[in-house]
Amino acid sequence: MDGPAVWRPASQDYGPKGKITVSSTANLSNEVVHVSWEGFTPTVDPLGQPVKFVKLNSPTGQELYPVRIYQCRGTDPTVHDCYGSTKFNQDPAKGFLQPAPPPGTTTPEYPFNGAVRVTGPDGRGEADIEVWTSQESQSLGCDSTHPCSLVVEANYGGDSLGWTTDNYQLDCANHTLDNPVESGFFAAASESIFAMNGAENDTWNPGESCAWANRVVIPLSFAPTAGDCPSASQDLLVAGLAMANRAMQQWRAGLCQGSNALGVDYIANQGEPQARANFRKQTGPDVALTALPETEPANRPYVYAPLATTAISVAYVVDDVANSGQIKTLNLTPRLLAKMLTQSYAMVKGVTIDSVANNPVCIFEDKDFLDLNQLDPAGGQRWPKCTDQAWLADSAPIVLGGTTDLIYQLTSWIAADPEAAAFLRGEPDPNGMHVNTFYRQPAFSGYPVDAIRVQDYSGPGDWKMYEINPLNNGLAQVARNLLMAKPTCQSPYADVDGKHPGCAPVDPGRRGLFAIMDSGQAKAYGMPEAALRNPAGQFVKPTQDSLGAAVATMPVDPATGTQTLPYGVAGTAFAGSAQAYPLSVVQYAMMPTGGLSAAKAKAASDFLRRVTDPAEGQRYGNEPGFLTAGFLALTGDQQAQARSAAAHVAAQDGTYPGNQPGPKPTEPGGENGGQTGGPGTDGGTTGGTDGGTTGGTDGGTTGGTDGGTTGGTTGGTTGGTTGGSDGGTTGGSTGSTGSTGSTGSTGTSGSTGSTGSAGTSGSTGSTGTSGSTGSRTSTGSGTTGAAGTGSGSGTAAVPAATAPAVAAPAKSTPAPAKSTPAAAPAATGPLAAAPVAAGMPAADRSGGARLLLPIALIAGAVLLVGGPLALVLAGTPAGARIAAGASGVWARLRPGRRV
């Protein structure tokens, strides 16, 4: 859209209007939008030389003609509606001339979310702005029914204070005070903000009034958010997996709308280990979200259901200090991440700290980094200096606090890399840099870890302990700190109150900060993401293609059906994939399959079905209910696994994942029916009424091809017999006849069932008779049922271990398992053996018993086990300018000063 008419200082007149472009203005959420402009007055210093960067409320008066961007209430705002403006939340009737606002009035929720930026010599400029919904800022109140706006405000000078007129009347047409060189000391066209005392009623004019006259208003509309959902209709509580937050918020906003509204409450900042524990104990959420499978024994039946895939990203804000712009391409290795996370950079010059002696001050002086990130000399680009600010945080990334799967996955990747592992063991890198000695064993347990904790408190005054402080209020705050260039370090020096103040935001032009977050958050905030080196030696950024390549190489955990990347395992598809992003993460929901009320079971299964529906929750877009940027939709196999899980949740059939040694769910067939006869499709059914074992091992194997006749007709008539009443001493009565086997798989022989399990009580039962031979109508043949034997020790039946058998391919419309009331589509491909539909537990990971799995999968499956001295500018050119600016400000404040 049109911008303001350009001011031409040389000819002292106005030219044509400029142009403004905003990346997105509709259907917004809490995200970052990009604003760019052209045809504006270039930002220069008082001598007319280009200025590369400018600071908000600059005290020097040395940057003339900068541009401000605000987020404002409504679509026709006054300056009093614009967050962070000099008059936000003040009385609109009094305009600019009113007493100074109390502290915090102009920024009540957060620091300023707008920007002040320069315009280059070509008349172009740009800025990234985080826009807030009513959930972030109640003061702005922007939501789907309350539109807001962006205001682009160019300061082209003019007498914004009324110094050139009687009675302090503003005169924006008078430009004699624009330049401090021309006026003597005034800088009305600068970003310098100052008070005007001595006027009528002791009013306070910040000098913004003429800039406001050049404003351009861009309307913004917002999509419904989870905050717009009725608070009283929360049908389901979900917790865990901060990496899922962006997707969950958009899903929630869609789920609570329409005739089939579903209210989902979500706690994002509860660490995954805690969320899993609370879920298992049934003391917390109805559904727990996780990136890693649980390793503790189950206290309740549940299954894992995939939701989407995302990535762990290393985002950054790094300025090209030789040009007015950011560096947008950057490579990192596991060893470089290890250096940053282990406090291995010195962080300060002139102070020797034994734990990091002779190490580089920050990453931008590390030859390991510079060799991988060579800037183009022709472009004149330059990395930030390591001593450009006090209390450096260039090499201490902003990270999420608490225990979390994000950190565990990140540090697992680092630990599996040979170069990083050698560095962590104490071997110097090729340039002689060594790991911080406090991160060597046995003082430090080593990676992987599930939380970042400071290990090094050494240095003068415990210097090192102040350089990294994880944030505990979510990944959105991690991203916000990076956007605002606010590191989480603290000054090692105590103030007058004995406290260590936090590091100040880094000025534009000197920023060099990193943060670890999920790709969904990074993309919503417009953050550049580092390319990470994968095991194939390629540097890859997180994109849908690179996430898809990673998922295609993920083996399936035969115990849980979950997928994770096999770090550190040679010869895998992942190790050889040049396209795979190495920190790709499949996100799972732990879905309860027992213990829920009918209403809660319906809510949980509806939630899972809708968020994994290809037409709704897996459809890409910014609309409520869709899958937001930074996430990869489920594959076909994963969708089938999710549908199967939803059916188990709806049925509340007591299904467990295979690694959980929880109590066996009750099987149909008798009052306390015995174990299923064999792994052929619906093998022999249960034996007698009170724990009789299955008749024959091959009770109902599948017969011929194309759904031919059933295999053996019965499981043997005298399989395991009951022990008689009262745990009696006789052999007991005859077990009931096994039922007919279900329809067979296409063109393959029925597989052999397992040996009948032990009877529950009484003396030894009689030997079962052989099952009949399966008939066939094509080339497949049924297998003869073997004899089952019952024993009468009076103990509970235990499933016998069986050797893996080659699984027959499923038909396109397989018959549902008899223990599953609601039929679920069978998975094919690598997830076909996922045990979400198994209906019974296997031994724990340390045990020997496993669910049956195709030999090809067993061969390929891999289970993931799991400050510095204060800068004094006096005597420098910068210091001289600041001093000159300060003296100018004081001169302006003298009552009665006129021109």
Side-chain angles (χ1 to χ4, degrees), residues 241 243-244 272 289-295 304 306-314 332-335 337-338 404-421 447-450 516-520 529-588 630-635 637-638 641 659 829-831 833-834 845 857-866:
L241 203 59
M243 289 185 286
E272 290 79 23
L289 305 188
T290 183
L292 300 173
E294 181 58 83
T295 58
Y304 292 100
L307 299 180
T309 297
T310 188
I312 300 169
S313 291
V314 183
L332 291 176
T333 64
R335 182 167 64 196
L337 265 296
T404 170
D405 289 354
L406 182 153
I407 297 300
Y408 189 89
Q409 192 89 346
L410 171 69
T411 54
S412 295
W413 170 65
I414 292 172
D417 180 78
E419 291 181 355
Y447 285 165
V449 296
D450 59 8
I516 297 168
M517 64 188 75
D518 67 288
S519 187
E529 299 166 272
L532 303 183
R533 191 182 67 196
N534 62 23
Q538 300 300 308
F539 288 91
V540 183
K541 291 185 178 181
T543 65
Q544 287 189 347
D545 288 342
S546 65
L547 266 63
V551 171
T553 70
M554 289 182 180
V556 179
D557 179 350
T560 63
T562 59
Q563 293 176 276
T564 52
L565 287 172
Y567 295 137
V569 182
T572 63
F574 171 61
S577 175
Q579 294 79 33
Y581 182 72
L583 288 177
S584 300
V585 180
V586 181
Q587 304 180 344
Y588 290 91
F631 292 83
L632 177 70
L634 297 176
T635 66
D637 289 335
Q638 290 171 334
Q641 185 183 9
N659 74 324
L831 289 181
R845 298 183 186 191
L857 281 180
I858 291 178
V862 178
L863 179 62
L864 174 65
V865 177

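Position 1 is the first residue of the sequence; numbering continues from there. Below, each value reflects all heavy atoms present in this structure, side chains not excepted, and no hydrogens, waters or symmetry copies.
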From CD (Glu294) to OG1 (Thr562), nearest 0.5 Å: 11.5 Å
Polar side-chain atom of Tyr567 near backbone of Pro582 as donor-acceptor pair, under 3.5 Å: yes
For Asn534, side-chain hydrogen bond (donor to acceptor under 3.5 Å, both in side chains) partners two or more places apart: none
Non-neighbouring partners of Thr309 that pass side-chain hydrogen bond (donor to acceptor under 3.5 Å, both in side chains), sequence neighbours left out: none
Separation between CG of Leu406 and CG of Leu241, rounded to the nearest 0.5 Å: 9.0 Å
Results of side-chain hydrogen bond (donor to acceptor under 3.5 Å, both in side chains) for Thr404 - residues two or more places apart only: Glu272
Nearest non-hydrogen partners of Gly630 and Ser519, listed with the distance: O-CB, 3.9 Å
Ser577 (side chain) donor-acceptor with Ala573 (main chain) under 3.5 angstrom: no
Side chains of Leu332 and Leu532 in contact at under 4.5 Å (non-hydrogen atoms): yes
Test item: Tyr447 side-chain N/O and Leu410 main-chain N/O as donor-acceptor pair under 3.5 Å: no
Residues in side-chain hydrogen bond (donor to acceptor under 3.5 Å, both in side chains) contact with Thr543, at least two apart in sequence or another chain: Ser546
Pairing residues for Asp417 by the salt bridge (charged side-chain N to carboxylate O under 4.0 Å, His left out) criterion, not counting sequence neighbours: Arg533
Euclidean distance, Ser313 OG relative to Asp518 CG, rounded to 0.5 Å: 7.0 Å
Distance, nearest 0.5 Å, that separates CG of Leu292 from OG of Ser412: 7.5 Å
Shortest non-hydrogen contact from Ala550 toward Ser584: CB-OG, 3.3 Å
Full working for side-chain contact (heavy atoms from CB on, under 4.5 Å) between Val556 and Asp637: CA-CA 11 Å; Val556 179; Asp637 289 335; over 6 Å; no
Partners passing salt bridge (charged side-chain N to carboxylate O under 4.0 Å, His left out) against Glu529 (at least two apart in sequence or in another chain): Lys523
Atom pair CD/CG of Gln579 and Asp545 - distance to nearest 0.5 Å: 9.0 Å
Pro306 vs Gln563 side-chain heavy atoms within contact, under 4.5 Å: no
Check: Ile312 and Met243 side chains under 4.5 Å, non-hydrogen atoms: yes
Heavy-atom closest contact (Ala311 atom, Tyr581 atom, distance): CB-CE2, 3.5 Å
Distance in Å, Thr290 OG1 paired with Tyr588 OH, rounded so as to fall on 0.5 Å steps: 10.0 Å
Test item: Pro555 and Phe574 side chains (from C-beta on) under 4.5 Å apart, heavy atoms: no
Pairwise side-chain contact, Thr553 with Thr572, heavy-atom cut-off 4.5 Å (strictly under): no
Nearest heavy-atom neighbours spanning Leu547 and Leu632: C-CD2, 3.8 Å
Considering all heavy atoms, the nearest Leu289-Ala244 contact: CD1-CB, 4.2 Å
Minimum-distance pair of heavy atoms, taken over all atoms of Pro293 and Asp557: CG-OD2, 4.4 Å
